[in-house]
Q: 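Take this structure, written in structure tokens, and hold onto it; I'll ask about it next.
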Amino acid sequence: MTKPSIVFCDGLWADSSCFSKLIIPLQAEGYECVAAHYGLNSTAEDVALTKATIGRVSSPVILVGHSYGGSVITGAGTDDRVVGLVYICALAPDADETSQTQQSNFPRTAVFSHIDVKDGRIWLLPDGIDNALLSACQFESELLLRSYGQLSLPFDSRLSGVYSDRHVGPWALFEKS
């Protein structure tokens with residue numbers, strides 16, 4: 001049986017390098033793995049770039065999303081080559097939800113006390129790196145995170161009604177905080 005390819009989708013204020021410690025051992029076991037690169041300009045654009053990444057690996061494909069990456073894999077999961085969705089502490093919006101509406105059902109996380117909404121984007125302030133994100137980062141991630149300066153993402157994360165119907169059997173890993 002052919003092993004599925006795996007496409008990783010990162011969360012906000014991260015990039016595809018955050019999966020490097022997973023990709024290398026999976027490749028050693030014979031999996032074709034790649035992390036999608038997207039610009040956080042809009043969720044629809046991030047979904048399109050993830051679908052383009054799916055086209056760069058062999059089928060079948062499993063999509064893995066962390067945090068905001070869950071919204072991305074939900075949209076990209078409509079691709080016929082996708083056979084599974086894996087949500088790691090991730091958003092999994094339904095067709096009538098956005099990332100924001102889904103998050104509004106849960107207590108606000110510390111990072112959202114360190115943002116500025118301006119010019120249609122959410123900006124992570126420098127004190128957010130120290131006070132909210134570094135508690136979960138390892139040293140090499142800290143260096144990468146600090147190199148970005150103020151990070152931003154789009155405030156509107158609607159997928160325009162294009163969602164996976166979850167025919168591909170989602171799996172989830174939750175974090176207890």
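Numbers here are sequence positions counted from 1.
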Q: Which atoms form the tightest heavy-atom contact between A76 and V82, and what is the distance?
A: O-CG2, 3.9 Å
Q: Decide side chain to side chain contact (heavy atoms under 4.5 Å, CB included) for F8 and L26; before the verdict, give the C-alpha distance in whole Å, the side-chain angles of both, and the deciding distance to 0.1 Å.
A: CA-CA 12 Å; F8 292 93; L26 286 167; 3.8 Å; yes
Q: What distance do K3 atom NZ and I62 atom CD1 have between them, rounded to the nearest 0.5 Å?
A: 11.5 Å
Q: For a side chain to side chain contact (heavy atoms under 4.5 Å, CB included) with V72, tell me which candidate from D10, L40, D46 qualifies.
A: D46
Q: V34 and I23: which non-hydrogen atoms are nearest, and at how many Å?
A: C-CD1, 4.3 Å
Q: Measure across I73 and L85 and return the closest heavy-atom pair with its distance rounded to 0.1 Å.
A: O-CD2, 3.6 Å
Q: What donor-acceptor contacts under 3.5 angstrom involve side-chain atoms of residues 54-61, with partners at least two apart or in another chain?
A:
residue, atom, partner, partner atom, Å
S58, OG, E32, OE1, 2.9

Q: So, for P4 and Y31, which heavy atoms are closest and what is the spacing to 0.1 Å?
A: O-CD2, 3.3 Å
Q: Once side chain to side chain contact (heavy atoms under 4.5 Å, CB included) is applied, do any residues pair with L49, and if so which ones, sequence neighbours excluded?
A: Y38, E45
Q: Closest heavy-atom contact between T50 and C9?
A: CG2-SG, 3.6 Å
Q: Could you state the interatomic distance from CD1 (I88) to CG (L22), rounded to the nearest 0.5 Å?
A: 6.5 Å
Q: If you group Ile, Leu, Val, Met, Phe, Trp and Tyr by side-chain heavy-atom gaps below 4.5 Å, do V86 and I6 land in one group?
A: yes
